[in-house]
Colleague: 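Below: one structure in C-alpha cells.
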Amino acid sequence: MKILVLGATGYIGAATVARLTQDGHEIVRLVRDASRVAPELPHRVGDLSDPESLSAAVTDDIDAVVHIASPIGDEAADTAAVDALLAPLRGTGRAFVYTSGVWVLGATDDAPVDEETATDPIPLVGYRPLIEQRVLAAAADGVRATVLRPGIVYGNGGGIPAMMVGWARDHGTGRYVGAADTRWPMVHLADLADLYALALGKDAPGGVLHAVALAEVPVAGLAAVADVAAGGTGRAEPWSGEAATAAFGALFAEALGLNQVVSARRTVAELGWQPSRPHPFRALLSDVRGS
C-alpha cells in the first residue's frame with residue numbers, strides 16, 4: 001500500500017515507518033518543512049494547524065492514513081485535523097488509523113479493563129473520547145477506521161521510562177509519581193510498530209485496539225531499575241505531589257501518577273498480535289548499556 005504517515009519522524013512514527021517499509025509498503029511522510037526530510041524520500045507538506053493542507057495530502061493514490069501526530073491538549077486542532085484527513089477517505093473503503101492512548105480510560109481497579117470498557121479520561125486528554133468517536137463513526141461512511149490506544153511506550157532509548165533514567169541521574173535516586181502501588185500498562189516500541197502493521201492489513205476489523213503488551217507494570221519497580229540504569233543501587237522514592245506538579249504541570253503529573261490495569265483482549269484475539277519484546281525492566285537496562 002501507499003501510506004501517508006503523520007508523525008513519521010517521531011519516536012513512535014519512525015519505528016512504525018521502518019516496520020511498514022519492511023513489509024513492502026510505500027511510505028509518504030507528511031512534514032511541515034520539506035527541507036527537514038531527505039529529498040529522495042516521498043513526502044508531502046502539510047501542517048496540523050492548516051486543515052486544507054491535510055486534505056490536499058490525501059490524494060487518490062493514498063491507500064491508508066496513519067495519524068501518529070495528534071496534539072495533546074488542543075481539542076480544536078485535533079478535531080479539525082481528523083476531519084480534514086477523513087474527508088477524502090469517505091466512501092472509498094480506505095484505512096485510517098488514529099493514535100489515542102490508554103489515558104482515556106482513566107484510573108482502573110485491579111481487574112483489567114479492555115477495548116469494550118467505557119472511557120473515563122483524565123483532564124489532560126479529556127476531549128479525546130470525542131475524537132475517537134468521530135473516527136469510529138467514519139466507518140459508516142466507508143472508512144476502515146481504527147483507534148489505536150498505546151500503553152506507556154518503552155524501548156530504543158525513548159519514552160517516559162527513558163525520562164525516568166534522567167530523573168534518577170538528576171536526583172541521585174529513582175523517582176516516580178503517585179502511590180507505591182501505582183501500575184502502568186506498557187508496550188515495547190517494536191511491538192507497537194507491529195500492531196500498526198496488523199491494523200492496516202486488509203482483513204483488520206477496525207474499531208478500538210489496545211496496544212498493551214503488559215497489563216500492569218509496577219512504577220516503583222520501574223523507577224528502581226531506572227536508578228540502576230543511571231548508575232545507582234536501585235533505590236526509588238515517590239515524588240511529592242507538589243514537586244511533581246512544579247516539575248511537569250498539574251495535568252501531566254496526574255497522568256504520570258495514574259494507576260491502570262489494561263488488557264488487549266480484543267486486539268490479540270482478532271488480529272493475532274503477539275508482543276514478544278523484552279520486559280521494560282530488562283529493556284531499560286539494555287538501552288543504557290547498548291546491548
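On a predicted model such as this, the values are computed, not experimentally measured, just so you know.
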Colleague: Check whether any side-chain heavy atom of Y196 sits under 4.5 Å from a side-chain heavy atom of V5, and report yes or no.
Modeller: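 No; the side chains remain at least 4.5 Å from each other.
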
Colleague: Is a donor on one side and an acceptor on the other found under 3.5 Å between the side chain of E254 and the backbone of I122?
Modeller: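 The answer is no, because no donor-acceptor pair under 3.5 Å joins these two groups.
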
Colleague: Ignoring hydrogens, what is the shortest heavy-atom contact between A230 and R169? Give both atom names and the distance.
Modeller: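 So the two residues come closest at CB-CG, 3.4 Å.
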
Colleague: Between V143 and L86, what is the shortest heavy-atom contact and its length?
Modeller: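 Closest heavy-atom pair between V143 and L86: CG1-CD2, 4.1 Å.
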
Colleague: Write down the atom of L48, the atom of A69, and the distance for their closest heavy-atom approach.
Modeller: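 Here L48 and A69 meet closest at CD1-O, 3.1 Å.
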
Colleague: Can you find a pair of side-chain heavy atoms, one from R44 and one from I62, that are under 4.5 Å apart?
Modeller: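 Yes - at least one pair of side-chain heavy atoms lies under 4.5 Å apart.
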
Colleague: Using a strict threshold of under 4.0 Å (side-chain N to carboxylate O), is an ion pair present between R128 and D78?
Modeller: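 Here D78 pairs with R128 in a salt bridge, since their nearest N and O are under 4.0 Å apart.
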
Colleague: Would you say the side chain of Q274 lies within less than 4.5 Å of the side chain of S276, judging by non-hydrogen atoms?
Modeller: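 A side-chain contact is absent here, since even the closest heavy-atom pair is not under 4.5 Å.
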
Colleague: Can the positive tip of R175 be found less than 6.0 Å from the middle of the six-membered ring of W239, inside 45° of the ring normal?
Modeller: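 Judged by the rule (NZ or CZ under 6.0 Å from the ring centre, within 45° of its axis), R175 counts as positioned above W239.
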
Colleague: Between H25 and M1, is there a donor-acceptor pair closer than 3.5 Å when you use the side chain of the first and the backbone of the second?
Modeller: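 Judged by distance alone, yes, a pair lies under 3.5 Å.
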
Colleague: Does R149 pair with E115 as a salt bridge, N-O distance under 4.0 Å?
Modeller: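 The answer is no: the pair does not qualify as a salt bridge.
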
Colleague: Do I68 and V17 share a hydrophobic cluster (ILVMFWY, side-chain heavy atoms under 4.5 Å, transitive)?
Modeller: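 I68 and V17: one cluster.
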
Colleague: Is any NZ, NE, NH1 or NH2 atom of the basic residue among D114 and R266 found under 4.0 Å from an Asp or Glu carboxylate oxygen of the other?
Modeller: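 A salt bridge is absent here (no side-chain N lies under 4.0 Å from a carboxylate O).
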
Colleague: Quick one: closest heavy-atom pair of M186 and Y154, and the distance?
Modeller: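 Answer, listing the atom of M186 first, then Y154: CE-CD2, 3.8 Å.
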
Colleague: With clusters defined by side-chain heavy atoms of hydrophobic residues (ILVMFWY) lying less than 4.5 Å apart, directly or transitively, does W273 cluster with L20?
Modeller: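 Linked, L20 and W273 end up in one cluster.
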
Colleague: Looking at every heavy atom in both V212 and A264, which two are closest together, and how far apart are they?
Modeller: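 Nearest pair, atom of V212 first, then A264: O-CB, 3.5 Å.
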
Colleague: Evaluate whether atom CZ of R90 has more than 12 neighbouring non-hydrogen atoms of other residues, nucleotides or ligands under 6.0 angstrom away.
Modeller: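 Yes, the 6.0 Å shell around CZ holds more than 12 heavy atoms from other groups.
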
Colleague: Could you report the tightest heavy-atom contact between A145 and A139, atom names first, then the distance?
Modeller: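 Heavy-atom minimum between the residues: CB-N, 4.3 Å.
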
Colleague: Could you tell me whether the side chain of S263 and the main chain of P112 form a donor-acceptor pair under 3.5 Å?
Modeller: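 Not at all, since once roles are kept as given, no pair shorter than 3.5 Å links the two residues.
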
Colleague: For residues L195 and L271, determine if any side-chain heavy atom of one lies less than 4.5 Å from a side-chain heavy atom of the other.
Modeller: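 Yes, close enough: below the 4.5 Å cut-off.
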
Colleague: Given salt bridge (charged side-chain N to carboxylate O under 4.0 Å, His left out), test R183 with E216 step by step and report yes or no.
Modeller: CA-CA 5 Å; R183 295 157 292 179; E216 51 179 321; 3.0 Å; yes

Colleague: Between the side chain of T119 and the main-chain N/O of V104, is any donor-acceptor distance below 3.5 Å?
Modeller: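 No; zero donor-acceptor contacts below 3.5 Å.
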
Colleague: Looking only at the side chains, is there a donor atom on one of S100 and E132 sitting less than 3.5 Å from an acceptor on the other?
Modeller: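 A donor-acceptor contact under 3.5 Å links the two side chains.
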
Colleague: Roughly how far, to the nearest 0.5 Å, is the CZ atom of R265 from the NE2 atom of H210?
Modeller: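 So the gap between those two atoms works out to 10.0 Å.
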
Colleague: Judged by modelled atom types alone, do S70 and Y98 share a side-chain donor-acceptor pair under 3.5 Å?
Modeller: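 The answer is yes; a qualifying pair exists.
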
Colleague: If the condition is salt bridge (Lys or Arg N to Asp or Glu O under 4.0 Å), which residues does R277 pass it with, not counting sequence neighbours?
Modeller: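 Scan of R277 (salt bridge (Lys or Arg N to Asp or Glu O under 4.0 Å), adjacent residues dropped) gives D191, D194.
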
Colleague: Evaluate the side chain to side chain contact (heavy atoms under 4.5 Å, CB included) criterion for residues R144 and L89: first the C-alpha distance (whole Å), next the side-chain angles of each, then the deciding distance (0.1 Å), finally the verdict.
Modeller: CA-CA 9 Å; R144 191 151 56 85; L89 300 175; over 6 Å; no

Colleague: For D170, I'd like to know if atom CG has over 12 heavy atoms of other residues, nucleotides or ligands within 6.0 Å.
Modeller: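 Atom CG in D170 is packed in, count exceeds 12.
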
Colleague: Rounded to the nearest 0.5 Å, what separates atom CG in L41 from atom OG1 in T9?
Modeller: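 L41 atom CG to T9 atom OG1 measures 11.0 Å (nearest 0.5 Å).
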
Colleague: I'd like to know if the side chain of H171 reaches the main chain of T173, judged simply by a donor and an acceptor atom lying under 3.5 Å from each other, with no hydrogens or angles considered.
Modeller: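 Checked: no pair found.
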
Colleague: One pair to check against ring pair (Phe, Tyr, Trp, His ring centres under 6.0 Å): Y127 and W103. What are the steps and the verdict?
Modeller: CA-CA 11 Å; Y127 64 90; W103 288 342; over 10 Å; no

Colleague: Hey, mind stepping through V261 and T108 against side chain to side chain contact (heavy atoms under 4.5 Å, CB included) and telling me if it holds?
Modeller: CA-CA 6 Å; V261 181; T108 73; 3.9 Å; yes

Colleague: Would V153 and Y11 count as a side chain to side chain contact (heavy atoms under 4.5 Å, CB included) if you check the C-alpha gap in whole Å, the side-chain angles of each, and the deciding distance to 0.1 Å?
Modeller: CA-CA 10 Å; V153 185; Y11 174 54; 3.7 Å; yes

Colleague: Test R235 against E237 for salt bridge (charged side-chain N to carboxylate O under 4.0 Å, His left out), laying out the working first.
Modeller: CA-CA 7 Å; R235 295 173 57 232; E237 298 176 353; 2.9 Å; yes

Colleague: Short question: side chain of S53, backbone of D47 - any donor-acceptor pair under 3.5 Å?
Modeller: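 A pair under 3.5 Å: yes.
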
Colleague: Where the side chain of T182 meets the backbone of V219, is there a donor-acceptor pair that is under 3.5 Å apart?
Modeller: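 Not a single qualifying donor-acceptor pair exists.
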
Colleague: Does V65 share a hydrophobic cluster with V31, counting links as ILVMFWY side-chain heavy atoms below 4.5 Å and allowing steps through other members?
Modeller: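 Different clusters: V65 never reaches V31 through Ile, Leu, Val, Met, Phe, Trp or Tyr contacts under 4.5 Å.
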
Colleague: About how many Å separate CG of L209 and CG of L198, when rounded to the nearest 0.5 Å?
Modeller: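 The CG atom of L198 sits 9.0 Å away from the CG atom of L209.
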
Colleague: Any chance you could measure H43, atom NE2, to I27, atom CD1, to the nearest 0.5 Å?
Modeller: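 These two atoms lie 15.0 Å from each other.
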
Colleague: In Å and rounded to the nearest 0.5 Å, what is the CG to CG distance from D120 to L105?
Modeller: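 Between D120 CG and L105 CG, I get 8.5 Å after rounding to 0.5 Å.
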
Colleague: Has D109 got a side-chain atom pairing as donor or acceptor with A111's backbone, closer than 3.5 angstrom?
Modeller: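 Looks like no, no N/O pair under 3.5 Å.
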
Colleague: Would you say the side chain of H67 lies within less than 4.5 Å of the side chain of F96, judging by non-hydrogen atoms?
Modeller: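 Yes, side chains in contact.
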
Colleague: Flag the pair P42 / E26 as yes when at least one side-chain heavy-atom distance between them is below 4.5 Å, and no otherwise.
Modeller: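 Heavy-atom side-chain distance check passes, below 4.5 Å.
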
Colleague: Is there a side chain to side chain contact (heavy atoms under 4.5 Å, CB included) between I3 and L200 once you walk through the steps?
Modeller: CA-CA 9 Å; I3 303 171; L200 289 166; 3.8 Å; yes

Colleague: Please confirm whether W184 and Y176 have ring centers closer than 6.0 angstrom.
Modeller: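 Between Y176 and W184, which both carry aromatic rings, the centre distance is not below 6.0 Å.
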
Colleague: Show your reasoning for whether salt bridge (charged side-chain N to carboxylate O under 4.0 Å, His left out) applies to D61 and K2.
Modeller: CA-CA 7 Å; D61 60 331; K2 190 171 187 177; 2.5 Å; yes

Colleague: Under a 4.5 Å cut-off applied to non-hydrogen side-chain atoms, are P161 and P280 in contact?
Modeller: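 Heavy-atom side-chain distance check fails, nothing below 4.5 Å.
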
Colleague: Please say yes or no: joined through hydrophobic side-chain contacts below 4.5 Å, possibly via intermediate residues, are V147 and V262 part of one cluster?
Modeller: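 Cluster IDs for V147 and V262 differ.
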
Colleague: CD1/I72 to CG/D74 distance, rounded to the nearest 0.5 angstrom?
Modeller: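 Result: 11.5 Å between the selected atoms.
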
Colleague: Against V208, only a single residue in T117, L136, L148 fulfils side-chain contact (heavy atoms from CB on, under 4.5 Å); can you say which?
Modeller: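 Of the listed options, the one satisfying the test is L136.
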
Colleague: Among the clusters formed by ILVMFWY side chains lying less than 4.5 Å apart, do V113 and L214 turn up in the same one?
Modeller: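 Linked, V113 and L214 end up in one cluster.
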
Colleague: Could you check R94 against T92 for side chain to side chain donor-acceptor pair (under 3.5 Å), going step by step and ending with a plain yes or no?
Modeller: CA-CA 5 Å; R94 290 182 285 174; T92 67; 3.1 Å; yes

Colleague: Do the non-hydrogen side-chain atoms of E75 and L130 ever get within less than 4.5 Å of each other?
Modeller: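 In short, these two side chains touch, coming nearer than 4.5 Å.
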
